[in-house]
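Start at 1 with the first residue, then count along the sequence. Counting starts at 1 for both ligands and their atoms, following the listed order.
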Amino acid sequence: MNTSTTINNNPIAFFDSGVGGLTVYSKFRHKLPNENCLYFGDTKHLPYGNKTKEELISYAKFILDFFAEQNVKAVVIACNTSSSAAYESIKNDYSFKIYPIIQSCAKILAELPISRLGIFATPATIKSGVYETEIKKYNPNMSIYPQSCHNWVDIVESKGQNEPKNIEIIKSDLENMLNNNPEKIVLGCTHYPYLTDVLSKFSSKELFIDPAEYFVDYIIKDLKSNNLLNNSNNSGSEKIYVSANPEQFKIAAEMFYHVDKTPILINN
Ligand code: DGL
């Protein structure tokens with residue numbers, strides 16, 4: 001099939017509002033180090049969680065148009081908020097594959113051997129109801145407990161997770177959720193895995209699910225079945241872009257991923 005000589009070695013691109021998507025990207029890169037990758041952190045519009053659907057669609061379009069110019073073979077929406085608000089509206093507008101985190105992981109979450117599932121996510125993701133809708137497609141009997149976490153993204157981006165006032169915010173949100181007796185809690189925003197250590201101070205680490213694990217396996221399986229994997233043995237290239245504050249991005253990223261070069265600033 002001629003895809004292998006034409007687009008296999010083109011980049012796969014990831015985006016999020018900031019460093020959150022690196023929780024997905026770092027796992028992907030670890031598993032497939034020969035892939036050429038692009039990453040866009042839309043730091044100018046951060047946080048996405050309090051933006052309107054229309055705003056989120058326009059940010060996603062800008063980023064996907066930018067990726068299209070770079071001949072990507074696929075785009076990973078490493079952002080729950082954008083997956084919930086923008087994916088449906090843009091999914092037919094591009095010729096490359098688009099992988100949205102929520103819709104890609106819903107089946108796996110629905111098939112977990114539990115009946116009570118908590119979801120921590122941004123206000124926009126919770127408002128969309130997409131987690132419940134997608135999971136219930138596969139398992140209508142699962143009880144879902146969605147809860148929005150207001151300042152968590154800012155806490156991560158400012159590296160404030162060890163400040164006492166922020167620990168109190170996280171603890172109180174967690175206590176609220178625990179009143180529902182969930183058997184597992186999905187960290188339904190790609191920034192939240194950065195807070196696992198804080199959350200684990202107040203409950204068992206095993207309670208939390210980072211969907212990035214499932215998501216990356218899903219993407220790799222799908223690339224493989226579509227004959228889209230890079231077929232070179234060389235180590236893949238990497239380009240990281242942001243729409244504001246490149247230096248701050250580099251520092252905030254450090255906990256999950258070492259960014260070698262200062263990200264390239266793109267004005268949107
Ligand atoms: N990390 C993103 C998500 O998964 C967006 C967080 C935000 O900017 O509010 O939802």
Do any nitrogen or oxygen atoms of ligand 1 lie under 3.5 Å from a protein nitrogen or oxygen, and which ones?
unit_1	atom_1	unit_2	atom_2	d
ligand 1	1 (N)	D16	OD1	2.9
ligand 1	1 (N)	D16	OD2	3.4
ligand 1	1 (N)	T190	OG1	2.9
ligand 1	1 (N)	H191	ND1	2.7
ligand 1	4 (O)	N80	N	2.8
ligand 1	4 (O)	N80	ND2	3.0
ligand 1	4 (O)	T190	N	2.8
ligand 1	4 (O)	T190	OG1	3.3
ligand 1	8 (O)	S17	OG	2.6
ligand 1	8 (O)	Y48	N	2.7
ligand 1	9 (O)	Y48	N	3.2
ligand 1	9 (O)	G49	N	2.8
ligand 1	10 (O)	N80	N	3.4
ligand 1	10 (O)	T81	N	3.0
ligand 1	10 (O)	T81	OG1	2.5

So F66 and Y241, ring-ring contact (aromatic ring centres under 6.0 Å, His included) or not? Walk me through it. CA-CA 11 Å; F66 173 73; Y241 304 93; 4.9 Å; yes
Taking the six-membered ring for Trp, are W152 and F120 closer than 6.0 Å centroid to centroid?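 Ring centres of F120 and W152 closer than 6.0 Å.
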Looking at the rings of Y39 and F14, which for Trp means the six-membered one, are their centres under 6.0 Å apart?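 Ring-ring flag for Y39/F14: false, centres at least 6.0 Å apart.
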Step by step, work out the side chain to side chain donor-acceptor pair (under 3.5 Å) result for D16 and Y48. CA-CA 9 Å; D16 179 46; Y48 272 8; over 6 Å; no
Apply salt bridge (charged side-chain N to carboxylate O under 4.0 Å, His left out) to the pair E254 and K250, showing each step before the final yes or no. CA-CA 7 Å; E254 203 55 46; K250 198 167 182 282; 5.8 Å; no
Please determine if K73 and E35 form a salt bridge, counting it only when a charged side-chain N lies under 4.0 Å from a carboxylate O.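 A salt bridge is present here (some side-chain N lies under 4.0 Å from a carboxylate O).
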